[in-house]
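Here the structure is laid out as structure tokens; the discussion comes afterwards.
Residue numbers start from 1 in every chain, and the chains themselves are labelled A, B, ... in the order their sequence lines are given, proteins ahead of strands.
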Number of protein chains: 2
Amino acid sequence: MHTLAEENYLKAIYKLAATNPSVSTNQIAASLDTKASSVTDMLRKLADKMLINYQRYQGVSLTQSGEKVAINIIRKHRLWEYFLVEKLNFKWDEVHDMAEEMEHISSNELIDRLDEFMGFPRRDPHGDPIPDSNGHFKTNDLKPISALAVSSAGVISGVRDHSAVFLQYLEKQGLTIGKKIAVKEVISYDNTVVLQMDNKVLQISREVANNLLIAI
Amino acid sequence: MHTLAEENYLKAIYKLAATNPSVSTNQIAASLDTKASSVTDMLRKLADKMLINYQRYQGVSLTQSGEKVAINIIRKHRLWEYFLVEKLNFKWDEVHDMAEEMEHISSNELIDRLDEFMGFPRRDPHGDPIPDSNGHFKTNDLKPISALAVSSAGVISGVRDHSAVFLQYLEKQGLTIGKKIAVKEVISYDNTVVLQMDNKVLQISREVANNLLIAI
DNA sequence: GTGTATTTTTAGGCTTGTCTAAAAAAATTA
DNA sequence: TAATTTTTTTAGACAAGCCTAAAAATACAC
Ligand SMILES: [Mn+2]
Ligand SMILES: [Mn+2]
Ligand SMILES: [Mn+2]
Ligand SMILES: [Mn+2]
């Protein structure tokens, strides 16, 4: 249907569009680790195929048809990540690159059967919602820990940074999806957050608190 | 490691080498549904990478390193086919094209874990042996039904033709892997083979008898 | 508002993998 | 062996996707 490169561009644009209404050439280039000139080339192709709205110098947005493709890629990515963690016992910091390849396996019948095989999971190993076969999913209304008031509590439900180093750090601290935490104190000097978790007290930096998401 | 096209060429050469000691440009072109000139181009690249032995006009054979790559692709192909049939309930005639894509997922760690997850199966849904993680496997010493003498018996263990139409025909006749059959008669007029299976008697053409493999 | 800095696009080129048409080599036939 | 047919290779071209360098458009600063 679409090439691997096209799918990766559409997915990147979709993700950038969550925070920016119109997505710039440079943003796409940074997110795909490529050059702005390469992005411009691809934008022309995607516009020709009616997958994006694009006029030179004006930034881009996905058309309905482009968004459908992007969401389907994300569905596949997250289902394969779930499979790798739940069935093949990979750790949550090991699965991203494999899923990056597997998301391009074309058959939708295959992914629907995989979904069924796993019992229709609603979130991937990083807490991100998995779109259903119609592309529907609830958007995460999660807050970073840094946005919590002192003495409020919540459940760890997602991450903003998906890098292996960050995930490994969280794992080591026991800060994994589903854990209940409470904010005991925020140190005014550098915004270090003091957490209560189980019977332990631990401190995390402002940086970490910004990237760790909580459902309240 | 290698491109998708390279992997497909190596696999095709490997399979052709089973029946021909030296593989010709035209054979490869036919098997990959491409043009002879395209094949020549690729053969130069594969020779440069020391994956095949090649001198112009002389046909090709795989080097040890090329064979290792080919066997690994076949291992992946057959394990994914097994997964699709045993875990996702696809039929044996539906899985080939999907596996054709999935065999190119690069991670060997992934395929080893998949192998373990499924209990280290030894044969794919079509009866073909699955190489282990070191590339070792027993070659099928199976005979076509057409080579059986009248009144001899055996177990259906493989197919020579993997096309969906052929597999669907076998399924419909109940001629599936594991079934025990005996040759009752060969009709001299057109070599139609009369089989006893379970409590039924059925006839298959010479063509079918040539493509259905038996362990004795 | 003019000038500078930044962003984006264009121009031209490269690699991979494909194609058609023509040339060269090998195999077959007479 | 000479002529013909078949196979294989070469020559030249093209699309996809990427690059660098330069030009054009836009944004920002004064
Ligand atoms: Mn990808
Ligand atoms: Mn994820
Ligand atoms: Mn393939
Ligand atoms: Mn098979």
Side-chain angles (χ1 to χ4, degrees), chain A residues 1-14 16-17 19-62 66 69-70 73 100-101 103-106, chain B residues 1-14 16-17 19-62 66 69-70 73 100-101 103-106:
Chain A
M1 195 62 182
H2 304 101
T3 68
L4 187 145
E6 282 171 4
E7 290 183 346
N8 284 336
Y9 272 88
L10 292 172
K11 191 177 67 161
I13 294 166
Y14 180 85
L16 290 167
T19 44
N20 315 74
S22 168
V23 178
S24 76
T25 300
N26 268 357
Q27 285 175 315
I28 299 167
S31 122
L32 292 175
D33 194 25
T34 187
K35 301 293 165 180
S37 54
S38 305
V39 174
T40 302
D41 284 350
M42 181 59 89
L43 294 184
R44 277 226 325 283
K45 282 179 217 161
L46 294 174
D48 287 350
K49 296 190 177 188
M50 312 279 274
L51 294 163
I52 60 171
N53 304 115
Y54 170 61
Q55 289 166 157
R56 18 211 258 308
Y57 296 102
Q58 296 317 124
V60 298
S61 61
L62 294 178
V69 174
I73 301 298
E100 203 61 43
E101 289 182 53
E103 69 191 4
H104 304 289
I105 303 295
S106 58
Chain B
M1 193 65 181
H2 304 100
T3 67
L4 187 145
E6 282 171 4
E7 290 183 345
N8 284 336
Y9 273 88
L10 291 172
K11 191 177 68 161
I13 295 167
Y14 180 86
L16 290 167
T19 44
N20 315 75
S22 168
V23 178
S24 76
T25 300
N26 267 356
Q27 284 176 314
I28 298 167
S31 122
L32 292 175
D33 195 25
T34 186
K35 300 295 166 180
S37 55
S38 306
V39 174
T40 302
D41 284 349
M42 182 57 89
L43 293 184
R44 276 224 328 282
K45 283 178 215 159
L46 294 174
D48 287 351
K49 296 190 176 186
M50 312 279 275
L51 294 164
I52 60 171
N53 305 115
Y54 170 60
Q55 290 167 156
R56 14 211 260 310
Y57 295 104
Q58 296 316 123
V60 298
S61 61
L62 294 177
V69 175
I73 300 299
E100 203 60 44
E101 289 182 53
E103 69 191 4
H104 304 290
I105 303 294
S106 58

Roughly how many Å is it from [atom1] in [X] to [atom2] in [N], rounded to a whole number?
X       : N      : atom1 : atom2 : result
A/Leu10 : D/dG17 : CG    : P     : 11 Å
B/His2  : C/dG17 : NE2   : P     : 11 Å
A/Met42 : C/dT8  : CE    : P     : 17 Å
B/Asp41 : D/dA11 : CG    : C1'   : 10 Å
B/Leu43 : C/dT16 : CG    : C1'   : 15 Å
B/Leu4  : C/dT18 : CG    : C1'   : 14 Å

What's the shortest heavy-atom distance between [X] and [Y], and which atoms?
X       : Y        : result
B/Ile13 : B/Ile28  : CG1-CD1, 3.7 Å
B/Ala12 : B/Ser31  : CB-OG, 3.5 Å
B/Ala36 : B/Ala29  : N-CB, 3.8 Å
A/Ser22 : A/Gly59  : OG-CA, 3.6 Å
A/Leu62 : A/Asn53  : O-OD1, 3.6 Å
B/Lys11 : B/Glu103 : NZ-OE1, 2.9 Å

Determine whether a donor-acceptor pair (N or O, by modelled atom type, separation under 3.5 Å) exists between the side chain of B/Glu7 and the backbone of B/His104.
no

With the side chain of B/Ala5 defined as its heavy atoms from C-beta on, choose the nearest nucleotide among D/dC19, C/dG17, C/dC19.
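Closest of the options to the side chain of B/Ala5: C/dG17.
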
About how many Å separate CG of B/Leu10 and NZ of B/Lys49, when rounded to the nearest 0.5 Å?
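That separation rounds to 9.5 Å.
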
When you measure from every atom of DNA chain C, which of residues 46-59 of chain A have a heavy atom less than 4.0 Å away?
A/Tyr54, A/Arg56, A/Tyr57

Give, ordered by number, those residues of residues 24-36 of chain B having at least one heavy-atom distance below 4.0 Å to an atom of DNA chain D; if nothing qualifies, reply none.
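Nucleic-acid contacts, sorted: B/Ser24, B/Thr25, B/Asn26, B/Ala36.
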
Quick check on [N]: is either OP1 or OP2 less than 4.0 Å from any side-chain nitrogen or oxygen of [X]?
X       : N      : value
B/Lys45 : C/dG17 : yes
A/Tyr9  : D/dA16 : no
A/Thr40 : C/dT9  : yes

Using only modelled atom types and a 3.5 angstrom limit, is any donor from either the side chain of B/Ser37 or the base of C/dT18 paired with an acceptor on the other?
no

Categorize B/Thr3 for me: base, sugar-phosphate, or nothing, with a 4.0 angstrom heavy-atom threshold over every strand shown.
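Sugar-phosphate, backbone atoms only, no base.
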
With B/Tyr54 as reference, evaluate B/Asp48, B/Leu46, B/Thr40 under the side-chain contact (heavy atoms from CB on, under 4.5 Å) test and give the passing residue.
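So, applying the side-chain contact (heavy atoms from CB on, under 4.5 Å) to B/Tyr54 and each of B/Asp48, B/Leu46, B/Thr40, only B/Thr40 qualifies.
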
